[in-house]
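So the structure is just underneath, and the comments pick up after that.
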Amino acid sequence: MPAVRHPLDPLSADEIRAAAAAVRREHATADSWRFAVIDLHEPAKDELTADTEPPRLAEIVCWNRADGRAFKGTVALAKDRVASWDELASGEHPSMTVADYHEADEVLRRHPAVIEALAKRGVTDMELVLIDVWAYGAAVAPPQYAHRRIGWADVWHRTTPDGNPYANPLAGLHPIVDLNTMELLELEDDWDPTHPTAPPVMGEYAPQLVPGLKLRDDVKPLAITQPAGASFTLDGNELRWQNWSMRLGFNYREGLVLHLVGYEDDGKLRPVAHRMSFAEMVVPYRDPSPDHYRRTAFDIGEWGLGHMTTSLALGCDCLGEIAYLDATLFNAIGEPVEIKNAVCIHEEDDGVLWKHVDHVLGADTRRMRRLVISFHATVANYEYLVYWRFQQDGSIQCEVRATGIMITTPFTGAKPPYGTVVDTDTYAPFHQHFIVARLDLDVDGAGHNTVVSTESEPLPVSDENPHGLALTQRSTPLQFESDGVQDYDWHRQRAWKVINESSQNRLGSPVSYKLEPGAAIPSFLPTDSPVLQRARAIEHTLWVTPYAPDERWPCGEFPNQSLDDRGLPVWTAQNRPIQDTDIVLWYVFGINHIPRPEDWPVMPVDVVSFWLKPIGFFDRNPALDVPPQPGHRHG
Ligand SMILES: [Cu+2]
């Protein structure tokens, strides 16, 4: 096997093959075994800084379809052996796989009961049908199947072979399937001959299928050229640009991971973040009707943003001088799978960085440039586009764009209260997209970070404040995990600074980076809601934990068919100290998606973001050294 360049580099295709082979040799000998996880066991922080290279370990989750037993293990790649092997606890189910999804569609489309149910609705060409399987939460799964690995499905019907499969649901028809045996357990069918199936709507977005659509003819070429090439360097997985440096990782679950993010300041590399990624996504549909009550997607924990990542295309997804990174993942039978052009790296012009017009000297302007690292995931009907942007002033912006096709349902009679009418007798249910970002910040190092809640506080009118103008800034250090559970507060403009008391700027203040909350949304879920029980992480905007390498998944390691959240609420119940130590921030943000007619039939991007900004991390504006545009004065 070729030498590993860095201990954080993702598993290679050879390593994936070797890990699967070791498991097949020692434990999973029958053909009925499937892999849900073959991933790098990332070395912990102290292992990365030790004198000796950490051992290369692969994490495995696999199960035997023949009896349903599931195991978690590690493979020591240098020794070519399985180092640990433990059966999953009761109620823990491996994640869904791409193979589950495709196999369920293929098998159910050919099932006589499904064919019969579709024939009643006038659908006889099974090639036009898509059976789209979703994962269950335990509280809404039929109890008689609780011990099985199961899914429930929507049935969709496209009007033409090249039509949008998600344009027309066959509402009221839902197969429940055993994903190990691919047995149809139940076919929920509310067919009523007195209520014929709704006629198809015009849910097409491809121009040739949209009646009467004429493409605009006034869009002139807009070319991005960088005649001298890009200003970043990508060496293996190590990326450097404009004082920033980092290592790019990628895994089946989080997709892109940013490791070892640092900023070179006055010749010294200063750490900002050890690791940043999206650790969970929770998408509850807020419609209690039979078609939607169990529709809650954990796109990261159940399906994996990495597995859902699609190849990017130059000129469409990214413009300019692009570097792409391929991703190597695995399939359910343990073979490597390559996603070409999974991650895009490029620079963008971002308008003005700073400017002043002096009445004597004239204008001095600097243009801003940003480095963008992005990947796109297609989760069945929906797309998530993820952008991490690094700026010349030391700021980091994390942006998500949601697009794709909304789930819709036909209705008769009164307008449904839990959605928006987007087409003839068709509505799109209200739903939410919660994303939990795991931000392992190391501001000027790992050991001495504290999160400080900052709030703006107006003082009452008094003798010292006769005009009621006095505004103070209240800073409260968060000492224990119970303090670290924080909510967004518009009235106080609450934000959170990560300070390092052991590192001071020239003004004598501890250096810091601030998490500026953007797109924080309340869960709007009652405490006793089964969805909230599985995803208590989304109950608050921020959680802070002391760094623990095994604490990775905020709604638990196994959210598929879960009953309760075994992640953040369990860890933070220990109420560990979080002051002046190595800490991890868990930031919950997203979209409260109240659909618009304009979101149909394909949704223009809905854009949300949050920022990490240096606050006294530098002694002054760190972008004074950005040169002016060639040919402009003051150059
Ligand atoms: Cu949405």
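Atoms within a ligand are numbered from 1 in the order they appear, just like the ligands themselves.
- The N, O or S atom of H593 lying closest to the Cu ion (ligand 1) is ND1.
- Figure legend: cation-pi geometry between R370 and W388 absent, as NZ or CZ is not positioned both under 6.0 Å from the six-membered ring centre and within 45° of its axis.
- Geometry at the Cu ion (ligand 1): OH/Y382 and NE2/H431 form an angle of 140°, nearest 10 degrees.
- With W152 as the aromatic partner, R294 meets the cation-pi criteria of under 6.0 angstrom to the ring centre and within 45 degrees of the ring axis.
- For M603, every N, O or S atom stays at 2.8 Å or more from the Cu ion (ligand 1).
- Under a cutoff of 6.0 Å and an axis angle of 45°, R148 and Y145 do not form a cation-pi pair.
- A salt bridge does not link R438 to E254: none of the charged side-chain nitrogens sits closer than 4.0 Å to a carboxylate oxygen.
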